[in-house]
Amino acid sequence: MTEKELLALLSADPRRGLEQTVRQYTPYVMKIVRTKLSGICTAEDLEETVSDIFMMFYRYITQNKKEIRSVKALLAVMSRRRCADVYEKSLKHKDDIPMDELAELPADEHWNDDRSRLNEALHKLGQPDEEIFIRKYFFGQNSRSIGEEMGIRHNTIDKRISRGLKKLKKILEESNDG
């Protein structure tokens, strides 16, 4: 489909236009994302970034009734901006402590049987952090769905998880010392 035909389809039926845009431009967007984020993100993160870009594109075409001159140019700009955001976020989270490493903290021989310590530590985080942790690590919800259900932006959820992991580590280390 030519650029003109695609622009006409996006204007007439944004949903079908998005489907065609995804079919037509996924390799192009993926190339930009891989070039910018290869070695920084996992394959799943790269795919999620591409999906995010197409969702940004869809929101843009449905919310801004401005005429788009070039789908390819708009996708290129959105791709580069989203990659910059993902890269910046990866730098902020490079010192985060993965939840599975928290299990490696020094503990007494009864740690595996004493789940109440973890429960108490989570409770000390306070709300809404305690709820976010339970949703994320016990129910396996992703940040986006947690944010939607709690009415909080997903990047705020990610930030609270990052800070909360550090606080949780400190709380658990203090309880080991005490």
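Only this structure's heavy atoms are used, side chains among them; waters, hydrogens and symmetry mates stay out.
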Could you go step by step and tell me if Leu125 and Ile171 meet the side chain to side chain contact (heavy atoms under 4.5 Å, CB included) rule? CA-CA 9 Å; Leu125 291 177; Ile171 292 167; 4.2 Å; yes

Interatomic spacing from CD in Glu131 to CZ in Arg160 - rounded to 0.5 Å: 11.0 Å

With rounding to the nearest 0.5 Å, note down the distance linking CG in Asp158 to CD1 in Ile152. 11.5 Å

Show, in sequence, the C-alpha distance, side-chain angles and deciding distance for Leu10 and Val71, and conclude whether the side chain to side chain contact (heavy atoms under 4.5 Å, CB included) test is met. CA-CA 10 Å; Leu10 284 164; Val71 172; 3.7 Å; yes

Tell me the closest heavy-atom pair linking Met78 and Tyr60, and the distance in Å. CE-CB, 3.4 Å

Arg69 atom CZ: more than 12 heavy-atom contacts under 6.0 Å: no

One should read off an interatomic distance between Lys166 NZ and Leu168 CG, to the nearest 0.5 angstrom, of 13.0 Å

Could you state the interatomic distance from CG (Leu74) to OG (Ser79), rounded to the nearest 0.5 Å? 9.0 Å

Between Ser11 and Leu7, is there a donor-acceptor pair closer than 3.5 Å when you use the side chain of the first and the backbone of the second? no

Where is the tightest heavy-atom contact between Pro14 and Thr62, given as atom of each residue plus distance? CB-CG2, 3.9 Å

Contact check, side chains of Leu75 and Thr21, non-hydrogen atoms, under 4.5 Å: yes

Do Gln20 and Arg23 make a side-chain contact, defined as non-hydrogen atoms from C-beta onward lying under 4.5 Å apart? yes

If you group Ile, Leu, Val, Met, Phe, Trp and Tyr by side-chain heavy-atom gaps below 4.5 Å, do Tyr58 and Met1 land in one group? yes

Between CG on residue Asn142 and NZ on residue Lys136, distance to nearest 0.5 Å: 7.0 Å

Give a yes or no on whether the backbone of Thr2 and the side-chain of Glu5 come within a donor-acceptor separation of less than 3.5 Å. yes

Test of understanding: clusters of I, L, V, M, F, W, Y form through side-chain heavy atoms closer than 4.5 Å, transitively. Do Leu6 and Met55 belong to the same one? no

Taking only distance into account, with no hydrogens and no angle test, what donor-acceptor pairs under 3.5 Å do side-chain atoms of residues 25-41 form with protein atoms, sequence neighbours excluded?
unit_1	atom_1	unit_2	atom_2	d
Tyr25	OH	Glu3	OE1	2.7
Thr26	OG1	Val22	O	2.4
Thr35	OG1	Lys31	O	2.7

Of Arg82, Arg59, Arg81, the residue whose pairing with Asp52 passes salt bridge (Lys or Arg N to Asp or Glu O under 4.0 Å): Arg82

Please report the interatomic distance CD1(Ile146) to CD1(Ile132), rounded to the nearest 0.5 Å. 7.0 Å

Mind listing the closest non-hydrogen atom pair of Ile161 and Ser143 along with its distance? CD1-OG, 4.2 Å

Can you establish whether the number of heavy atoms outside His123 located under 6.0 Å from its atom NE2 is more than 12? no

Give the C-alpha distance, both sets of side-chain angles, the deciding distance and a yes or no for side chain to side chain contact (heavy atoms under 4.5 Å, CB included) between Lys159 and Arg163. CA-CA 6 Å; Lys159 202 170 283 187; Arg163 291 177 184 156; 3.5 Å; yes

